[in-house]
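The structure under discussion appears below in the form of structure tokens.
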Amino acid sequence: MGKSWLLALAAFVIFQLIIPTEAASFGVGGGVAIGIGGGGGGGGGVWIGGGINGGPAQTPSGSSPGSGSSLKTAYTALQAWKSAITDDPLRILDTWVGDNVCSYKGIFCSDLGAQGPVVAGIDLNHANLQGNLVKELSLLTDVNLLHLNTNRFSGTVPETFKDLTSLQELDLSNNQFSGPFPLVTLYIPNLVYLDLRFNSFSGPLPQDLFNKKLDAIFVNNNQFSGELPQNLGNSPASVINLANNRLSGSIPASFGITNSKLKEILFLNNQLTGCIPEGVGLFSEMQVFDVSFNSLMGHLPDTISCMSDIEILNLAHNQLSGELPDLVCSLRTLMNLTVAFNFFSGFSQECARLLIRNVGFDFSANCIPGRDMQRPQPDCSQIPGGGLSCLRIPALQPLVCGSLVASLEAKSSP
């Protein structure tokens, strides 16, 4: 995943945007997000068809419209779905007529040679369709990506979706889906990109979400609640966004011990308590770490200084205390460090140099003597979480990051 994509999403974090945007183009398994107005590629073969604003579709050479059992099955599935769509203000479905499904707007076919053409992608992003998903969609077993960002689909995800054996990208973001987490998505065998953000899903996050081999997990801006599963750190994903839900409890103490490949995780705007675990230091490839707008307490672990690729570190609007460690401020990849609205009592020379290094550094509304824009003294007389006991590694000068795994495993074992 390129840094440009990560930084674009980091901007979303910094400015606390709540307006959904079209899902980022995210290539998986050779696939490319198609977009509304153009074609893309994925899963092999040649893409045929057009986006919502695409031009006339082409028919695969050597075939006739609707030829092949795969396209006949696709016709059955798409017509069943069409009947379940109750509003189509852009009149996209006016093109869903006849058995040449490769000419339908939003439907993309791929010519697989001897096998013939198949429906390999559906991209109806920003189509503003209202309706439901139907069980017959599971007949589209050659579909590699299903993008339905920014529509008005509601209800639940059909249990038959587990039969979408070729599906790698599922984007249901910015719709009106509700109910508990759609567990069927975890049984789609080859799924690597799951985007459920900006819906009304509720209830707990299932443990299996973090056992599945997903590379991107977006469940932000829903109504998920309950504690974070203890196996959160098991996920092989490079990006996890849990922001803007109602998740509570603490970040699991084992977080970081079992996975060091995570590049971005967003916990912001939940109801998390407890400590930032020492294991975060094991994420040597982490670029964005955001725990802002929670109720975390205690001192900042020195192990954060082992996050050698970190660019965005947002700890704002918590109840963290102690002195901001020089080891953290020494991180050379930092672009923005935000610790505003906590109870930090000071920082020393290395942190002061962040301003000279042109690193964004917001330390307002803390308890730092001699600094402007701090909390009034009465607020600093009793620091929250004074009795909180966090798992801590004895300070090492310098901190030997390579020895963290053994130290953390020993301390977190019974």
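Position 1 is the first residue of the sequence; numbering continues from there.
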Residue pair D215 / S238, side-chain donor-acceptor N/O under 3.5 Å:
yes
Candidates D290, N245, N244 - the one meeting side chain to side chain donor-acceptor pair (under 3.5 Å) with N269:
N244
Separation between CG (L164) and CG (L145), nearest 0.5 Å, reads 11.5 Å
If you look at every heavy atom in T165 and N190, which pair is closest and at what distance?
O-ND2, 2.6 Å
Side chains of D379 and S381 only: does a donor on one sit below 3.5 Å from an acceptor on the other?
no
Exceeds 12 heavy-atom contacts within 6.0 angstrom, atom CZ of R357
yes
Quick one: do S235 and I217 satisfy side-chain contact (heavy atoms from CB on, under 4.5 Å)? Show the steps, please.
CA-CA 9 Å; S235 175; I217 300 172; 3.8 Å; yes
Would you say the ring centers of W81 and F153 fall short of 6.0 Å from each other?
yes
Run K263 and V288 through side-chain contact (heavy atoms from CB on, under 4.5 Å) and show every step you take.
CA-CA 7 Å; K263 291 181 171 62; V288 178; over 6 Å; no
Classify the ring geometry of Y193 against F218: parallel below 30°, tilted from 30° to 60°, perpendicular beyond 60°.
tilted
Which one of T86, N175, D87 satisfies the side chain to side chain donor-acceptor pair (under 3.5 Å) criterion with R152?
D87
Can you tell me how far apart CG (D111) and SG (C102) are? Round to the nearest 0.5 Å.
9.0 Å
Does NZ or CZ of R246 lie under 6.0 Å from the centre of the six-membered ring of F224, at an angle within 45° of the ring axis?
no
Lys/Arg-Asp/Glu bridge criterion (N-O < 4.0 Å) met for R332, E350:
yes
In plain terms, say whether D88 and R91 are close enough for a salt bridge, that is, a side-chain N and a carboxylate O under 4.0 Å apart.
no
